[in-house]
> 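Please see the structure below; I have some questions.
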Amino acid sequence: MTFIPLNESTILMPFAKTPLHHHFQLHLLSSIDSTNLFLKNYAHRTDQSIVDICCAETQTQGRGRFGRSWYSPVGENIYCSSRWYLPISDALAGLSLVISLAIHAALTALCHLPHLAIKWPNDVLWQDKKLCGTLIELIPTHQQCMAVIIGIGINVNSRSAHLSPIEKPWCTLSDITERMWDRNFIITQLMQQLYQYIHRFKQKGLLDFMTEWQQVDYLYSKKIIAMQGEHRFSGIAAGINEWGQLHLLDETGVSHYLSAGETSLQQSRRSSNQ
Ligand code: BTN
């Protein structure tokens, strides 16, 4: 398959026209173990307004949540991590949902996709199939700040039949839209949206995003199973609270609020299991 290579000036050109409070430093690599690992090992900035971004054509050890691997074929998809410095605060809890909303906004702006939803906390799904995953890692720094590494994998130009290992239903942008995409424009859009959403989150907190979340909440009112550590919960998903925790109402009417973990739909005759 022919593909358009990643290109620094295409990705960064739009930022030359808009003055931002943050300055993006792009590291474009042909191959790396993991773009998240690259930024974890990259020296911290004293100027914390600099956002380092690492994108690669392929990852040899792409990592997913819960220690899974992330399939990263050469040149087909987006493997992009960025490192942001944010003040340490309890309110950071909602950040991961806000990041998902930013990705959702970027994909919607570019591709005008209907049926795009977010499965708490981080999966972007199209018609019940996973299009994008996010791995967020928090690194304490010496100052009163956290370095937040946001690793985003978007299935772009692969054919989903070739995505492997297939444990769950997947899809790609080219499956959905029946065309190939220049990944450079998607990365630019992603960074623009991430910048805006993180800025707004710092000013106003998660509460400002509640309505937006409700509009894209994939799990809402569905029967689900949620695993948090060793604990298994089942019940109806009832949205999120002000801290971004998933509200699950169990069969006895008791509310549980989950701050991390994995969710899947309860099997019904026609439901799939994400
Ligand atoms: C998941 O859904 O399990 C999260 C997947 C995250 C994959 C991305 S690809 C870019 C970045 N580098 C990694 O090693 N992982 C993330």
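In listed order, ligands and their atoms are each counted from 1. Keep in mind the model is a prediction, meaning the values are calculated, not measured.
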> Could you tell me whether the side chain of Leu131 reaches within less than 4.5 Å of the side chain of Leu116, counting heavy atoms only?
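Yes, at least one pair of side-chain atoms sits under 4.5 Å.
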> Going by an N to O cut-off under 4.0 Å, is there a salt bridge joining Glu137 and Arg63?
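Looking at Arg63 together with Glu137, the answer is yes, because their closest N to O distance falls below 4.0 Å.
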> Among protein heavy atoms, which sits nearest to atom 2 (O) of ligand 1, and what does the distance come to when rounded to 0.1 Å?
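The closest heavy atom on the protein side is Lys130 NZ, 2.6 Å.
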> Tell me the protein heavy atom at minimum distance from atom 15 (N) of ligand 1, and give that distance in Å.
Arg63 O, 2.7 Å
> Would you mind listing which atoms of ligand 1 come within a distance below 4.0 Å of any non-hydrogen atom of Gly64?
1 (C), 3 (O), 4 (C), 5 (C)
> Please work out, at 4.0 Å between heavy atoms, whether the side chain, the backbone, both, or neither of Leu37 comes within that distance of ligand 1.
neither
> For ligand 1, is any non-hydrogen atom under 4.0 Å from Asn122's backbone (N, CA, C, O), its side chain (CB onward), both, or neither?
neither
> Taking atom CD1 of Ile103 and atom SG of Cys132, what is their separation to the nearest 0.5 Å?
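Rounded to the nearest 0.5 Å, the CD1-SG separation comes to 4.5 Å.
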> Distance check, rounded to the nearest 0.5 Å: Trp181 atom CH2 versus Ile176 atom CD1?
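That separation rounds to 10.0 Å.
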> Should Trp70 be counted as touching ligand 1, given the test is an N or O pair under 3.5 Å?
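Min N/O separation from ligand 1 is not below 3.5 Å for Trp70.
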> Do NZ/NE/NH1/NH2 and the carboxylate oxygens of Glu57 and Arg183 come within less than 4.0 Å?
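Salt bridge flag = yes for Arg183 with Glu57.
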> Run the contact test for Gln59 against ligand 1 with a 4.0 Å cut-off on heavy atoms, strictly below, and give the result.
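Contact present.
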> Identify the closest protein heavy atom to atom 3 (O) of ligand 1: which residue and atom is it, and at what distance?
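Looking at atom 3 (O) of ligand 1, the protein heavy atom closest to it is Arg65 N, 2.7 Å.
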> Can you confirm, on distance only, whether ligand 1 has an N/O atom lying under 3.5 Å from any N/O atom belonging to Tyr79?
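No; every N/O pair is 3.5 Å or more apart.
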> Ring-plane angle category for Phe15 and Phe24, please: parallel below 30°, perpendicular beyond 60°, tilted otherwise.
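Rings of Phe15 and Phe24: perpendicular, as their planes differ by over 60°.
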> State the atoms of ligand 1, each with its element, that fall below the 4.0 Å cut-off from a heavy-atom position in Cys80.
10 (C)
> Is Glu262 salt-bridged to Arg68, going by a charged N under 4.0 Å from an acidic O?
yes
> Does Gln61, backbone or side chain, put an N or O under 3.5 Å from an N or O of ligand 1?
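Gln61 vs ligand 1: no N/O contact under 3.5 Å.
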> Determine, for Glu212 against Arg200, whether the closest basic-nitrogen to carboxylate-oxygen distance falls under 4.0 angstrom.
yes
> Give the atom numbers and elements of ligand 1 that come within less than 4.0 Å of a heavy atom of Gly62.
14 (O)
> Considering the heavy atoms of Thr35, write down every atom of ligand 1 situated less than 4.0 Å from one of them.
10 (C), 11 (C), 12 (N)
> Quick one about Ser82 and Trp84 (side-chain donor to acceptor, distance below 3.5 Å, no hydrogens or angles considered), yes or no?
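The answer is yes; a qualifying pair exists.
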> Could you see which bit of Ser72 sits under 4.0 Å from ligand 1, with heavy atoms only: side chain, backbone, both or neither?
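Answer for Ser72: neither.
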